[in-house]
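Report on one structure; see the data block that follows.
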Amino acid sequence: MANKKKEVKNRTDRQQPAHRNTASALYLITGLGALTTAVGMMLCGKRSRALLIAQWVAPLLITAANERLACRKKQETEQSKHTTI
């Protein structure tokens, strides 16, 4: 009986596609891009524009972290549902 449950669990694991959180990657890339842009503008002497762009770095990186945590929590709840069956 235990072998049957393991087989069912293995089949469901194989059927699920690998989940990639593209939203968190997008926020991360955008945040890092804003950071490098702000540094570049600061080095070119455009301080006010660099500060304007630098305002967006922290919110974008925080949003990326929140998206990643939400995705991880969702995967854990889905896995717990499959293991209880």
Side-chain angles (χ1 to χ4, degrees):
M1 180 107 172
N3 290 335
K4 197 172 202 178
K5 287 183 182 179
K6 286 181 184 178
E7 288 176 20
V8 170
K9 183 178 181 277
N10 288 338
R11 272 189 261 143
T12 57
D13 288 343
R14 279 184 259 137
Q15 290 172 353
Q16 293 177 354
H19 183 69
R20 294 182 182 174
N21 194 355
T22 56
S24 68
L26 181 65
Y27 284 120
L28 180 65
I29 291 169
T30 306
L32 294 176
L35 179 67
T36 56
T37 303
V39 169
M41 289 185 130
M42 188 69 83
L43 292 174
C44 289
K46 298 181 180 184
R47 186 172 190 257
S48 61
R49 290 183 184 175
L51 292 175
L52 178 68
I53 294 173
Q55 292 181 57
W56 288 93
V57 174
L60 288 169
L61 295 179
I62 290 170
T63 305
N66 283 339
E67 288 286 331
R68 185 156 295 192
L69 289 174
C71 179
R72 188 173 292 167
K73 186 175 181 181
K74 183 180 175 183
Q75 286 178 348
E76 288 175 359
T77 56
E78 288 177 358
Q79 287 178 355
S80 67
K81 286 180 184 178
H82 290 298
T83 57
T84 58
I85 294 176

Sequence neighbours excluded and cut-off under 3.5 Å, please list the side-chain donor-acceptor pairs for residues 27-42, or say none.
from	atom 1	to	atom 2	distance (Å)
Thr30	OG1	Leu26	O	2.7
Thr36	OG1	Leu32	O	3.3
Thr36	OG1	Gly33	O	2.9
Thr37	OG1	Gly33	O	2.7

Scan the side chains in residues 50-69 for donor-acceptor partners under 3.5 Å anywhere in the protein, sequence neighbours excluded, and list what turns up.
from	atom 1	to	atom 2	distance (Å)
Thr63	OG1	Pro59	O	2.6

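To the nearest 0.5 angstrom, Cys44 atom SG is 11.0 Å from Arg49 atom CZ.
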